[in-house]
Amino acid sequence: MSSVFFMLTMGLYFVSTVCYLAYLLRRAETLSKVSLGITAVGFATHTVALVARMTDTAQAQLPTFHEALSFFSWMLILVFLAVEFRRQLHVLGSFIVPLALVSLVTAAAFRSDEASSLQPVFKTLWVHVTLSMLGTVGFAVAFVAGVMYLIQDGLLKSKRFNVLYAKLPALDYLDHLNQQSIVMGFPLLTLGIISGAFSAEIVRGTYVNWNPEQTWAMVTWGFYFAVLVGRLTIGWRAKRAAYLTIIGFAGVILTLIGVVLKSHGSVS
Amino acid sequence: MHVIVVGLSHKTAPVEIREKLAVPESRLREALSRLCSYPGVREGLLLSTCNRVEVYAVVEELETGYGRVQEFLADTHLSLSSEHLTPHLYWHAGDRAIGHLFRVASSLDSMIVGESQILGQIKDAFEVALTHKASGLLLNKIVKKAISVAKRVRTETKIAETAVSVSYAAVELAKKIFSNLTEKTVLLIGAGEMAKLAARHLIANGVRQVRITTRNFQHGLELAQRFNGTAVPFEDYKTELAGADIVLVSTGASHYLVTADDVQRAMRQRMSRPMFLIDISVPRNIDPAVRPIDDAFLFDIDDLHMRVEQNREDRLREAAKAEQMVVEEVAVLGQWLQSLEVTPTIVALRSRTEELKRREVDKILARLAHLSSEDRAAVEALASAIVNKMVHGTMVTLKAEAKSSSGATYVDAARRFFNLEETPAVYPTGQSDVPELPDENIAGNGIGRLPEESLVPHTSKEQGRRVS
């Protein structure tokens, strides 16, 4: 059952992405309502798919890359719906929904219904994956806010007052969104890494073995730590923060690719 | 009965004429009762703003109605005669008058298309007309519709969303940099008229901290008092930069007062908090080399003008959509108005009753096949007599009241009582597109089938509101 709902969700997010991208180019506001409706339905089917998947794979017990990405996509939409609900920031959908779609399509590529062949695994691994993914959601939102910031900044600087200019919110709000996302994402990632170390200790007997994936994770962590401290102490905000969070998210993506290459579909 | 408008606006009359014709609020009541005292003027509404003076009225005869209203306008000011006024006036009746009101209310006829004041002014004028009972069934419906059309235009088009003055364009831009202006500080360097206006707009939009520096410190102090701000000595303006989120420069200086170095220094101190610089001076007072500096956004007078020009184009594009809406809405209201005409109502009533009688008679005659042709004629005559007597009173009243001030009210009621609401104004007799109702209900308690609301005539609602 989960795969039906999963495919349905993918279809809905695809349509919603198309609508949201069209919304960027058009003056009319009605398209945002349509897109939001489709996204909300997609979110509902996604929730069903996730729950069904969890009951399906309860025996397998190993969080796979597929599940991690699907969960990431789900959280991303949840955050978007929350922000949209509070701030009516329709244009955010034009950036977040495509990202959620990409992540879901990637998840689909790694979907496997056979039980994992690795050794039986422990609850800590679920905690590790969940926390890391929540942290990643924070960075993803910061990334989106950064991209939107740079676009709006560019439009203001070049005095191109087009449709996009009208739809994007004020610069300082985007900067605020960027900051909030990192402030929330960073502690979650930190906890994710700590729980990951514990899992590694249980599975392999060592907390850290500095494989490329772990190294990248630590580099990413250090980078975001610097971004956060820089913002709070020496004013790395606005345009600089936007650039940094975009670079940081690229690091996150590389880490995830590392995870995939290493474990062929399972996270450890 | 005709709905008309006679008036003049910024498009047809210079301010010298408009100001003479304008009716101050204190004299509105007197003016309205004078208007309604003219014979043949049933309802009236007087809209007097600085850009237009218009009389909306419901009159019995079109030509004399125009004449009366024009007379009324000429009488509002001693020095004006009808001949003076005529070249500046416009006259519209029926759908065109209604369309005109819709356009005015939607700010399509305003000097600045899309400005929002006019709707409030119409509401006020309507309020006055209501309290003095100058507005009745027709104008009530039309003005209320105009207000709802204006709201529709406002929500469904972007006609009012953009800034159309240079000073307001500054506010619009500021809002794309700062989401909340309340915590922001404005620094005013020099005090040209446009800068003062922009500062006033910014304050109206929430800015609380205003710092003012002018070459003449005394002048600065006076301004500070007016803006509830702080005056700072002119020598200090460079050090003030770092604390300012919005810098408005307009001095008569012929050189750059604010250089790229100054801004760079300020930005370092501000730790990259964005800064919005507006240079309204000609020649410019802020070095254009400031532009590439990160997080500093410089706009000069040309940029603001360009923004305003773009907005104007946007508004005109939106106005085209709004015009379409007005046309649609006028058509809807036109149908309602047409239904209030006496003659079509009598025709509809006659054909409705004729239709009912026909059906009932045919049905009973089909069963009584043994009747002789005289008996059949008698049955038919009986049916006709009953039906005609039943509606006779209504017809007579409608005809008698057709010319009275409450004619429309009677027509409205008759249409509701006899369920003529949905039928076309001129009803072709003997056609089968009468709504099919079960026969026994028509013969029996047909009235009981009417929706509850339709038993309450419109007018009682309108009047109820008028009293309250």
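Note that the structure is predicted; figures quoted are calculated from it, not measured. Numbered from 1 within each chain, the chains take letters A, B, ... in sequence-line order.
Of the two parts of Ala166(A), only the backbone, made up of N, CA, C and O, holds a non-hydrogen atom closer than 4.5 Å to a non-hydrogen atom of chain B. Interface remark: Lys175(B) contributes backbone atoms only to the contact with chain A (heavy atom separation under 4.5 Å). Only the backbone of Ile234(A) comes within less than 4.5 Å of a heavy atom of chain B; no side-chain atom from C-beta onward does. Contact annotation for Leu298(B): only backbone heavy atoms (N, CA, C, O) come within less than 4.5 Å of a heavy atom of chain A. In this structure, the portion of Lys184(B) lying under 4.5 Å from any heavy atom of chain A is its side chain and not its backbone. Only the backbone of Thr233(A) has a heavy atom closer than 4.5 Å to any heavy atom of chain B. In this structure, chain A has heavy atoms under 4.5 Å from both the backbone and the side chain of Arg273(B). Contact annotation for Leu168(A): only backbone heavy atoms (N, CA, C, O) come within less than 4.5 Å of a heavy atom of chain B.
Tested against Glu329(B), the residues Lys151(B), Lys145(B), Arg103(B) include a single salt bridge (charged side-chain N to carboxylate O under 4.0 Å, His left out) partner, Lys145(B). None of Phe223(A), Trp221(A), Tyr224(A) except one satisfies the ring-ring contact (aromatic ring centres under 6.0 Å, His included) rule with Phe186(A); the exception is Trp221(A).
Per-residue counts of heavy-atom pairs under 4.5 Å with chain B were compared for Asp172(A), Leu171(A), Leu156(A); the largest is that of Asp172(A). Per-residue heavy-atom pair counts under 4.5 Å with chain B were compared for Arg240(A), His176(A), Lys159(A), Lys239(A), and the maximum is reached by Lys159(A).
The pair Lys238(B)-Asp262(B) counts as a salt bridge, with a side-chain nitrogen and a carboxylate oxygen less than 4.0 angstrom apart.
Here the side chain of Thr182(B) pairs no donor or acceptor atom with the backbone of Gly206(B) at under 3.5 angstrom. Checking side-chain atoms of Ser94(A) against main-chain N and O of Tyr20(A) turns up a donor-acceptor pair under 3.5 Å. At distances below 3.5 Å, not a single donor-acceptor pair connects side-chain atoms of Asp175(A) with backbone N or O atoms of Arg237(A).
For Arg307(B) and Phe299(B), the positive end is not near the middle of the six-membered ring at less than 6.0 Å and at most 45° from its axis.
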